[in-house]
Amino acid sequence: MAYDRGPAHADDKLVRILTGDGEGNTPRQDGGVPAEHQGNSSSSNVNTRAPPIQEYSVERVEKVYRKLDLRIIPAFWALYFLSSAIRSNIGIAQTMNTSAGHDLASVLRLSPRDTSTALALFYVSYVLFDLPSNLVMSRLSPRVWMARIVLAVGVVGTCFAAVNDAWSLKLLRFLLGVVTAGMWPGMAYYLTLFYPPSRTGKRIGMYFTASQVSAAVVGLVSAGFQKMDGLRGLVGFRWMFLIYGLCGVVLGVSLLWWLPDRPLAPGEERPRSWYARFLPPSPEALKGEDAVVHYHDLRRVYHARAWNLRDLWQVLIDWRLWPLVLMYFGVVGVGIGTQLYGSVIISAIDPTFSGIEVSLLFAPIWMMDFFAILLVTPISDRFHRYRAIFFSAAVCIQIAGLLTVTFALSNPWARYGGLLIVGFGLGPTVPICMTWTNEIFQRRHGEVGVAAASALVSGLGNLGSITTTYALYTGWPEDATKGPHQYRKSNFTMIGILCMSIASSLAMTALLQIFGNQPSKKITGSSSSSATDPDEYLDGAARREAHQRGFSRMWWNRASKSSRDA
């Protein structure tokens, strides 16, 4: 089902709905079309111009976005929590029930290279299928495609309970990457259908915390799964794979009843595709006046044209893509490396730790990550012109943590503290990078820009994950020697790619100052483009975003203003 909703199709219905009659002659007082723009019921006049944008108070607009938060963010949090747990529980399985010989490597007779290869294969397939998945999502129903991803992740995750050797583990990791591809960039793209890009950083951060909580919970709950070792003939990590996978299946099906599809202009009917007859109808995210307010605030979404291959090509050759890819490469590589090998690093810091102690020490790393996201991402939205500063500062914190882990050899707890610092620095970087991608590419290329750029930044950036899972830590022979200097070279490599991320963010800032980020003329000159109207960004949100929010509307400012008015 392609969504090509130009003004000629939707706005004649919209005017009739907003004005209260079938002719468009009687204005309403609910934010509809002002009377001075009406008076002529000719359909040709209605179709040649979109209804003018009505301005609403910031309080009224924010009320609409809070309603969207309640519908979208909890669902995204739950699906990302389970998907992250299914993807990363293989890491904690490496240290579960080691004393009984029931850890992953012992049961499956894996070499360190087998483990690294299995971990890396997920990202190989993820990189290959990320862009196609996101482009399909932009053409079909975003709700159905997201539910399909979660359902498939749950099915493959359940199959991990049956692995018996290295080849089956590698195959399932590859398949898991295939079915997971498009989830993370798809979520970022989905948000731009309901929110202006400058407001997505906070929202991405809100559901991105699910990954951190998932990492912490996987570590904590694995202690319970280790107690189940041998129950009904299954070792502890098989119970973990099985239960997480089944939860993913249930969630994937339930999303069809909860997630809304892309918004429609008031008065427009949702098209029904051939497969829609077998699925529950999409719940509408907003109704009544809320839908009208949202239409005026984010009209660019309602009038997105179907993109073509020429539009996609212009996104692929846009130089703005590559600094973002390099930024993401470094931070996601360190993040995934810490997530998959954090328990291994803790064991190397103090070999006397038991498997349960390692699991319990692994969780606080991600709680630090969690708190950093909640603290930094809302502020980065309020100062959305300084994304590079927030990003680079967080990366510097990661570097400080890695240096502590590497050089504080005389104190194991200081080295563990370095891991906590790494966790705090990791938190805001990925949400900020994805938000900056949305901001740049929606303005420059429209809807296809967000869909393609977010997928490419996520997909190509995850080559950093392949680096840390295959070439570093247990996969690097130079780091195999036990002792206080184990993993030092891997840590130095991660510091190097983080420096590359900082340099890329600063280069991006400088290049945007020089060349700007206006809508692409090559696309706006195409009659069939997804960005044919150069004024499509002059909706309510774009007008407000011309000025940074800053701290002007924080509670203490509102209180002082009220006292002055009194």
Side-chain angles (χ1 to χ4, degrees), residues 2-4 123-140 142 145 177-178 180-193 197 200 300-301 304-330 332 387 430 433-466 500-501 504-505 507-512 514-534 536-537:
Y3 292 84
D4 186 1
Y123 299 101
V124 172
S125 55
Y126 185 92
V127 168
L128 292 176
F129 290 95
D130 219 19
L131 177 60
S133 177
N134 230 33
L135 294 179
V136 170
M137 183 178 180
S138 70
R139 288 288 196 181
L140 301 181
W145 195 249
V178 172
T180 306
M183 173 181 288
W184 175 245
M187 295 164 78
Y189 161 74
Y190 184 99
L191 283 190
T192 62
L193 302 178
T200 59
R300 74 193 84 164
V301 169
R305 275 72 169 182
W307 54 267
N308 55 37
L309 292 177
R310 182 175 181 271
D311 296 339
L312 178 60
W313 174 248
Q314 295 301 324
V315 177
L316 298 179
I317 63 174
D318 194 324
W319 60 264
R320 293 160 183 80
L321 186 66
W322 305 109
L324 292 165
V325 169
L326 293 177
M327 289 167 56
Y328 198 87
F329 179 98
V332 80
R387 301 285 188 192
V430 171
C433 190
M434 294 303 293
T435 303
W436 207 9
T437 302
N438 289 347
E439 288 179 325
I440 291 171
F441 280 87
Q442 187 182 76
R443 175 165 177 77
R444 184 153 177 82
H445 296 283
E447 188 170 306
V448 67
V450 176
S454 60
L456 287 168
V457 169
S458 171
L460 297 177
N462 263 291
L463 293 173
S465 303
I466 298 175
M500 178 189 67
S501 291
S504 299
S505 70
M508 183 65 148
T509 302
L511 290 170
L512 288 176
I514 296 171
F515 297 104
N517 190 52
Q518 296 304 312
S520 174
K521 294 181 180 179
K522 293 183 179 179
I523 288 185
T524 56
S526 169
S527 61
S528 62
S529 165
S530 59
T532 56
D533 183 4
E536 67 174 333
Y537 291 98

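With sequence neighbours excluded, the residues satisfying side chain to side chain donor-acceptor pair (under 3.5 Å) with Ser505 are Ser392. Remark: Tyr328 engages Trp184 in a side chain to side chain donor-acceptor pair (under 3.5 Å) (not counting sequence neighbours). Every residue two or more places apart in sequence or in another chain that forms a ring pair (Phe, Tyr, Trp, His ring centres under 6.0 Å) with Tyr190 is listed here: Phe76, Phe194. With sequence neighbours excluded, the residues forming a side-chain contact (heavy atoms from CB on, under 4.5 Å) with Ser133 are Trp145, Arg148, Ile149, listed by chain and number. Residues meeting the side-chain contact (heavy atoms from CB on, under 4.5 Å) test with Ala455, sequence neighbours left out: Leu131, Asn134, Pro185.
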Original post:
Run the side chain to side chain contact (heavy atoms under 4.5 Å, CB included) check on Trp436 and Thr509 step by step: do they pass?
Top reply: CA-CA 11 Å; Trp436 207 9; Thr509 302; 3.7 Å; yes
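Summarising the geometry of Val301 relative to Leu193, their closest heavy-atom pair is CG1-O, 3.3 Å, with the distance given to 0.1 Å. Leu460 approaches Phe329 most closely through the heavy-atom pair O-CD1, 4.3 Å. Contact detail for Val127 and Gly459: the closest heavy-atom pair is CG2-O, 2.8 Å. Taking each heavy atom of Ser458 and Tyr126 in turn, the nearest pair found is OG-OH, 3.1 Å. Residues Cys433 and Val457 share a closest heavy-atom pair of SG-CG1, 4.3 Å. The two residues Ala453 and Phe441 make their nearest non-hydrogen contact at CB-CG, 3.5 Å.
Side chain of Arg300 to main chain of Gly446: no donor-acceptor pair is present (N/O by atom type, distance under 3.5 Å, no hydrogens or angles). Using a distance-only test at 3.5 Å, with no hydrogens or angles considered, a donor-acceptor pair links the side chain of Ser454 to the main chain of Val450.
No side-chain heavy atom of Thr200 sits less than 4.5 Å from a side-chain heavy atom of Glu439.
Put simply, CZ on Arg443 and CD on Gln518 are 4.5 Å apart, with the number rounded to the nearest 0.5 Å. A distance of 12.5 Å separates CE in Met508 from CZ in Arg387, rounded to the nearest 0.5 Å. Between Tyr189 atom OH and Ser138 atom OG the span is 5.0 Å, to the nearest 0.5 Å.
If you check the side chains of Asn438 and Thr192, you find no donor sitting under 3.5 Å from an acceptor.
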Under 3.5 Å donor-acceptor pairs involving side-chain atoms of residues 319-326, not counting sequence neighbours:
from   : atom 1 : to     : atom 2 : distance (Å)
Arg320 : NE     : Asn517 : OD1    : 3.2
Arg320 : NH1    : Asp318 : OD1    : 2.9
Arg320 : NH2    : Gly516 : O      : 2.9

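The environment of Ile514 atom CD1 is dense: over 12 non-hydrogen atoms of other residues, nucleotides or ligands sit within 6.0 angstrom.
Partner of Gln314 under the side-chain contact (heavy atoms from CB on, under 4.5 Å) criterion, chosen from Leu316, Asp311, Leu312, Ile317: Ile317.
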